[in-house]
Amino acid sequence: MKTFNIRFSLVFLMFFQLGLSAQESNIEKPAIIPQPAEVEWKDDFFTLQERTVVCFNTGAEASAAWLQRLLQNTYTQSYTMRGDNCNGFNLNLNPELEETLGKEGYNLDISSSTVNLEAATEAGLFYAIQTLRQILPAGIENEKVLEEIQLPQVSITDSPRFAWRGTMLDVARSFFGPDYIKKHIDRMAFYKLNKLHLHLTDDQGWRIEIKQKPKLTELGSKGAVKGGRSGFLTQEEYKEIQEYAAARNIVIVPEIDIPGHIYAALMAYPELNCDDLSNIEPKRATPPQLFHGYEVGWSKFCLDKPEIYDFVSTVLGEVAEITTGDYLHIGGDEIEDERYKEFVIKADSIVQGLGKTTIGWEEVTQAAVDSTFISQRWNGKTKSVVKTPIIESICSSFYFDHANVPGQEMTNNWCQERGVSLKDTYTFKVTNPNTIGVEAPVWTEMVLSDEAADDRFWPRSIAMAEVGWTKDENKDYNGFLKRLGAQGLRLDFMDVNYFRSPEVEWNSDPKKGVFSDFMPESKY
Ligand code: TNX
């Protein structure tokens, strides 16, 4: 009897296992990017019912709205309800979880009948929802999915490696308005990026309204690089973008580039020049002309004139007033002047006086700035006299105005002749203990349309998102390429004009989206 029992159990077990593996192969494991810290897939699934309750507790109201918005693109009818534990979707905000999950971490647990999302903050819940979104079928990105939805059961515990996960858009060389910026914010949020740095001013254009200095936009916003768009953001538009971003856990970081890269202000307010114009290269442009070229490093304030500090205080004061984030970026790149260090220290104290944290390009660390000053590394050439927190934007891995593949047209490859490949981005290893995160700039001297900006940002920003979020031991380039390829269709549905990196096997719908016209040469 005993032997029979054991035999029977063995046979039963074998059947059971066979059954499971068959089931398992039916349900593909979704591609999640960035790779979460801990993922445990189970061999069973959750079926989305025709009616669903979304339960949320105090503080999770906005998350409930997000989740309901997501479920709207499925056949389910969802109802939100204040409460702790419903038999359906549960959003649980619990500040005590900060100890284990940090500010942006979350737990996501999908079992046979419930989907539980918990975090210490709404940011964490928002990220749990983004992960859930990646587990739901790609079709929800552009239509109502009516076929039955089965989600694999899973238990995910996740939190980011770095607090700073950003992109930078140069709206000064060529203007990008609220519509594109919001689209960009949506895509960033999907990949758990949380800082959008706007390079608002440069020689070619001034892009943010300053009420006490109206000529900055009346005159200074009219320029752009040849073929690029001009324009500016009103303060109302800026605030609206900022609110849109905040709802997606993204902080807008405004940059007013001083004391160099400042010609747009110098043509609008010529009194900021030295009387003999020794602060600019007149062959590039002289006031009241606009500048449409590409050259850098040829303009600066007249640093001997004390009035420039009034100008700086007024401008930064207004920008600080409309900025809800903690940071003001003062640029500080590509200038030589005896008074440069003095200027940086003074500008920092103005920013601190406005209650914000100062950020500057790495050159600022030639000056003995405070240890709260954040420096943004881009060419790694500065001899720093201080240790500061660092945002990593080293050009050889994170300058996305560079070519996706060698020879790509309309790219600027001064840092690395062959451009910046997906692999260059993905395999960057952060080793400096002062690094607070990563950020990828798209400079727009050669990026003149929304489609081109998409092509430069995506998919390399996705690789960067994983550098910023995922710990080294959980990263793997080949695994990343597979997950990225699997997300192609989703990017199509999201209407992203991403560069079809040749190293990726894209699961993509050629009827959707606009393809980049680049054809790799056979030698690549
Ligand atoms: C360097 S990076 C610049 C920008 C240019 C960019 C082009 C930095 C701080 N300055 O002014 O647009 O190269 O790649």
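Start at 1 and go down the list; that is how both ligands and their atoms are numbered. The figures here come from the full heavy-atom set of this structure, side chains too, leaving out hydrogens, waters and symmetry mates.
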Taking atom NZ of Lys341 as the centre, does the number of heavy atoms from other residues, nucleotides or ligands within less than 6.0 Å exceed 12? no

Greater than 12 external heavy atoms within 6.0 Å of Glu271's CD: yes

For ligand 1, which atoms, with element, lie under 4.0 Å from some heavy atom of [X]?
{"X": "Asp401", "answer": "7 (C), 14 (O)"}
{"X": "Trp361", "answer": "9 (C)"}
{"X": "Asn412", "answer": "7 (C), 14 (O)"}

Do Thr358 and Asp348 have a side chain donor and acceptor closer than 3.5 Å? yes

Side chain to side chain, Val442 and Asp170, heavy atoms closer than 4.5 Å: no

Between Tyr477 and Tyr426, is the ring centroid distance below 6.0 Å? yes

Starting from [atom], find the nearest protein heavy-atom neighbour and note its residue, name and distance.
{"atom": "atom 5 (C) of ligand 1", "answer": "Glu445 OE2, 3.4 Å"}
{"atom": "atom 2 (S) of ligand 1", "answer": "Tyr399 OH, 2.4 Å"}
{"atom": "atom 13 (O) of ligand 1", "answer": "Trp414 NE1, 3.5 Å"}
{"atom": "atom 10 (N) of ligand 1", "answer": "Asp333 OD2, 2.9 Å"}

Can you tell me how far apart CH2 (Trp206) and OH (Tyr263) are? Round to the nearest 0.5 Å. 14.5 Å

Would you indicate which of His402, Met168, Glu334, His199 comes nearest to atom 1 (C) of ligand 1 when only heavy atoms are counted? Glu334

Work out whether the distance between some heavy atom of Arg173 and some atom of ligand 1 is less than 4.0 Å. yes

Below 4.0 Å from any atom of ligand 1, is there a heavy atom belonging to His261? yes

Glu141/Arg133 ion pair, N-O < 4.0 Å: yes

